[in-house]
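From a predicted model like this one, the values you see are computed outputs, not experimental measurements. Below, read A as the first sequence line, B as the second, and so on, with proteins coming before strands; counting in each chain starts at 1.
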There are 2 protein chains.
Amino acid sequence: MKAREIINRLKLIEGAHLNIKEISKLAQVSTATVSNVLNNSPKVAQATRERVLRVIRETQYRPSTIAKSLKVKRTNLIGVISEDITVFNTPEIINGIDEYTENHGFHIILNNLRLYQRLGNHYADTAKYRNFIAEAVQILLSRQVDGIIYIGAHSRDISGIIEHLPVPIVYTYCYSAGAEDYAVNYDDEAAAYDAIQYLIDAGHRKIGVISGLYDSLQSQARFKGYQRALLDYKLLFNPAYLKAGDWERESGHALGKELLTLPDPPTAIFAMNDLMAGGVIDAANELGIAVPEGVSLIGFDNRECSKFFAPPLTTMALPLNEMGKQAVQILMNRIVGPQSATDAHDDRLKCTLVERQSVAKRVVSAAMPG
Amino acid sequence: MKAREIINRLKLIEGAHLNIKEISKLAQVSTATVSNVLNNSPKVAQATRERVLRVIRETQYRPSTIAKSLKVKRTNLIGVISEDITVFNTPEIINGIDEYTENHGFHIILNNLRLYQRLGNHYADTAKYRNFIAEAVQILLSRQVDGIIYIGAHSRDISGIIEHLPVPIVYTYCYSAGAEDYAVNYDDEAAAYDAIQYLIDAGHRKIGVISGLYDSLQSQARFKGYQRALLDYKLLFNPAYLKAGDWERESGHALGKELLTLPDPPTAIFAMNDLMAGGVIDAANELGIAVPEGVSLIGFDNRECSKFFAPPLTTMALPLNEMGKQAVQILMNRIVGPQSATDAHDDRLKCTLVERQSVAKRVVSAAMPG
DNA sequence: CTGAAAGCGCTTACAG
DNA sequence: CTGAAAGCGCTTACAG
């Protein structure tokens with residue numbers, strides 16, 4: 001068989017890739033026909049198609065995506081810029097992106113900014129920052145990506161850092177307020193509301209809060225959710241129950257202690273992240289107060305470690321996977337049709353409570369609403 | 001100015017990319033010359049170079065990597081296949097890869113197998129497994145990657161799963177015993193040796209061990225390191241001090257209890273991962289034994305949660321970042337010169353102990369060696 | 001030092 | 001239904 005011969009000869013050449021021309025010769029058709037069967041064009045006769053397919057199979061021919069991309073001006077490649085892939089949120093978001101792209105013939109080219117590693121705690125050093133991002137964007141563009149997803153290391157506004165782009169971009173785990181920008185995040189306010197509601201449903205009326213850095217977007221939004229829940233359930237806001245932390249475990253420890261040693265201490269505490277919730281557990285242990293019997297506790301983030309706390313922490317899980325999926329979905333809509341108007345510019349996905357063992361039910365007088 | 005006019009006209013076209021031909025016209029040279037300045041060829045006159053450079057700057061021209069790749073048959077793209085990016089080891093390894101590639105003009109195209117998500121606890125289901133991997137490899141090859149890095153989700157032998165490839169591949173966080181294969185991992189035996197040595201140096205003579213699954217490569221290698229340290233320090237191996245766990249926290253709890261309730265209990269325990277070390281802490285708490293005063297404890301992996309244990313856990317840190325760097329370095333050596341013979345086929349990097357607060361010093365009689 | 005031309009491996013009107 | 005040919009945006013001998 002002639003084909004076999006040629007194949008065998010080609011196999012001898014180290015790492016030889018066949019091209020469409022060689023396939024067309026082996027199948028005795030034109031390259032156009034090979035291309036047509038490759039792309040499932042209906043206009044090729046069944047017999048011809050089968051002949052070509054057989055040659056492709058036998059030669060294990062793999063068409064060059066590169067060459068195709070050059071011609072069709074579409075790479076089916078999306079650039080993912082992550083501020084820092086070692087931050088807990090990022091891998092899951094990438095996982096979500098990847099799941100979607102894989103099912104749609106797209107692939108990811110990753111550009112990891114390594115912000116924490118390079119900037120340490122000066123990750124807010126905007127000048128360097130801008131440069132890193134601009135570079136990453138240029139690199140991705142020269143690779144002809146069809147679109148870009150930008151994954152923040154923590155929620156904040158990065159409006160105006162990335163200038164007008166020839167391809168669509170969507171932000172996730174960060175905000176951008178430009179009129180044309182799309183961002184997908186989770187709904188901090190609703191999540192806080194749900195957490196408080198859960199505590200109220202469990203019979204708690206005196207609910208302390210340890211916030212993150214007071215001026216952060218998240219702290220503000222979550223505080224709003226807290227207030228709204230109080231309002232809806234006709235509970236009084238007691239300012240003594242509100243403590244502003246800094247996201248670190250130690251602040252949960254210190255502020256937890258303050259809360260728990262109040263003359264009329266809260267029966268439940270909402271810590272705005274799991275780390276600070278861990279600090280509250282430390283404080284409770286020191287004071288000989290059992291969690292959840294003495295004080296109930298609810299965290300935020302569903303960090304891996306939270307399930308190893310003693311007791312395992314009830315906490316709000318972030319919809320990380322979904323954020324990735326949603327981001328890439330919006331991006332792909334914009335790639336195919338730039339004006340698919342149905343997508344939200346500022347999408348906020350729901351968090352879900354994961355119930356573990358840090359919240360206890362309290363009996364409450366029947367007169368209470370809710 | 002003529003250039004300006006043309007540029008402005010071009011800017012009007014939505015998302016228009018300039019190409020080398022247009023640049024050559026604007027600079028009044030041939031495309032060959034533009035290409036030469038782009039590639040820093042020395043054979044272009046200074047004046048010409050500057051003229052071209054200026055046009056490039058003014059137009060913000062970005063050469064197409066795609067087109068270049070097609071011509072030079074090199075994409076400077078390396079394919080990264082991760083078994084599961086949400087597993088704790090993977091992001092750091094990718095971080096290391098990325099750091100190296102970025103400095104060498106290479107980029108990463110990521111293919112995440114999502115094994116845990118798709119196979120659940122059946123991640124050893126080799127049939128499906130093989131398929132996923134084979135697919136990923138084909139996809140990466142059709143994208144013309146110059147090489148592949150395969151990141152395992154846990155150390156194990158995956159020899160023979162990936163067949164002969166037209167591009168080099170290096171494995172990390174898993175083994176492949178093929179004669180032509182390269183793998184980079186960490187040195188389990190040395191790490192265990194170092195951990196035990198550390199305990200011995202701190203004055204411990206009765207050292208318990210909780211291994212992972214007994215038949216895993218890691219457990220075996222680490223057990224060897226344990227034995228060797230005992231031997232070197234002339235300590236007797238007491239079989240009662242060896243317990244085989246299953247990597248889960250609960251087994252650390254149960255086996256820790258067994259160890260601590262022995263008639264002559266160990267004064268220190270080496271748990272082969274942080275999760276089981278956490279279980280030992282649980283056991284100690286239940287028995288009213290303080291860590292490290294009552295029993296010293298050392299873990300393995302330096303998982304993020306280990307620093308939140310009470311007390312913060314002393315543990316072996318995995319050289320994840322370095323593994324990524326080393327893997328890509330070997331890969332790049334093989335890409336440029338397939339026969340760079342100096343690289344180890346089975347590279348094992350050193351772990352480093354991170355000292356926290358779970359190990360206490362013990363006074364030991366002067367007669368003891370070491 | 002510079003340019004004309006061929007070619008990388010595909011796709012896509014277009015003609016037949 | 002099939003094929004010849006042009007072209008995507010680069011690079012690279014080669015000639016001058």
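Taking atom CG of residue A/Leu38 and atom P of nucleotide C/dC10, one finds them 8 Å apart after rounding to whole Å. Distance B/Leu141 CG to C/dG9 C1': 16 Å, rounded to the nearest Å. Atom CZ in B/Arg74 sits about 19 Å away from atom C1' in C/dG9, given to the nearest Å. When rounded to the nearest whole Å, the span between CD1 of A/Ile23 and C1' of D/dT2 equals 18 Å. Rounding to whole angstrom units, CD of residue B/Gln46 and C1' of C/dC1 are separated by 13 Å. At whole-Å resolution of the value, CG in A/Asn76 and P in C/dT11 are 12 Å apart. Between the P atom of D/dC8 and the CG atom of A/Leu70 lies a distance of 9 Å, rounded to the nearest Å. Per the geometry, CZ belonging to B/Arg143 stands 15 Å off C1' belonging to C/dG9, to the nearest Å.
Salt bridge annotation for A/Arg51-A/Glu58: absent, with no cationic side-chain nitrogen under 4.0 angstrom from a carboxylate oxygen.
Residue B/Tyr61 places at least one side-chain N or O under 4.0 Å from the OP1 or OP2 atom of D/dC10. At the phosphate of D/dT2, OP1 or OP2 sits under 4.0 Å from a side-chain N or O atom of A/Thr48. Dashed line: the shortest gap from a side-chain N or O of A/Ser64 to OP1 or OP2 of C/dG9 is not under 4.0 Å.
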Taking Watson-Crick (N1-N3 plus N6-O4 or O6-N4) and G-U wobble (N1-O2, O6-N3), each under 3.5 Å, can you produce the dot-bracket string of DNA chain D? Use [ ] for crossing pairs and | for inter-strand ones. |||.||||||||.|||
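By the salt bridge (Lys or Arg N to Asp or Glu O under 4.0 Å) test, A/Arg74 is found to be paired with no residue, residues two or more places apart in sequence or in another chain being considered. Under the side-chain contact (heavy atoms from CB on, under 4.5 Å) criterion, A/Ile133 pairs with A/Leu113, A/Tyr129, A/Val137, A/Tyr150, A/Ile161, A/Ile162, not counting sequence neighbours. For the side-chain contact (heavy atoms from CB on, under 4.5 Å) test, residues two or more places apart in sequence or in another chain that qualify with B/Glu99 are A/Arg114, A/Gln117, B/Asn321, B/Lys325. Applying the side-chain contact (heavy atoms from CB on, under 4.5 Å) test to A/Ala32 and every residue at least two apart in sequence or in another chain returns A/Ser30. When the side-chain hydrogen bond (donor to acceptor under 3.5 Å, both in side chains) test is applied to B/Thr48, no partner is found at least two apart in sequence or on another chain. Remark: B/Lys68 pairs with B/Asn39, B/Val72 by the side-chain contact (heavy atoms from CB on, under 4.5 Å) rule, at least two apart or across chains.
Heavy atoms of B/Lys73 sit under 4.0 angstrom from primed sugar atoms or phosphate atoms, though from no base atom. Among the atoms of the strands shown, none is found under 4.0 Å from any heavy atom of A/Val34.
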Check: protein-nucleotides 12-16 of chain D nitrogen or oxygen pairs below 3.5 Å:
none

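Distances from the side chain of B/Ile20 to the nucleotides D/dC10, C/dC1, C/dC10 place D/dC10 closest.
A 6.0 Å sphere centred on CD of B/Gln138 holds more than 12 heavy atoms belonging to other residues, nucleotides or ligands.
Judged by the 6.0 Å distance and 45° axis criteria, A/Arg118 is positioned over the aromatic ring of A/Phe132.
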Could you tabulate the donor-acceptor pairs under 3.5 Å formed by side-chain atoms of residues 165-176 of chain A, not counting sequence neighbours?
| residue | atom | partner | partner atom | Å |
| --- | --- | --- | --- | --- |
| A/Thr172 | OG1 | A/Val184 | O | 2.9 |
| A/Ser176 | OG | A/Asp181 | OD2 | 2.7 |

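Sequence order on DNA chain C of the closest nucleotides to B/Val44 and B/Ala67 puts B/Val44 first from the 5' end.
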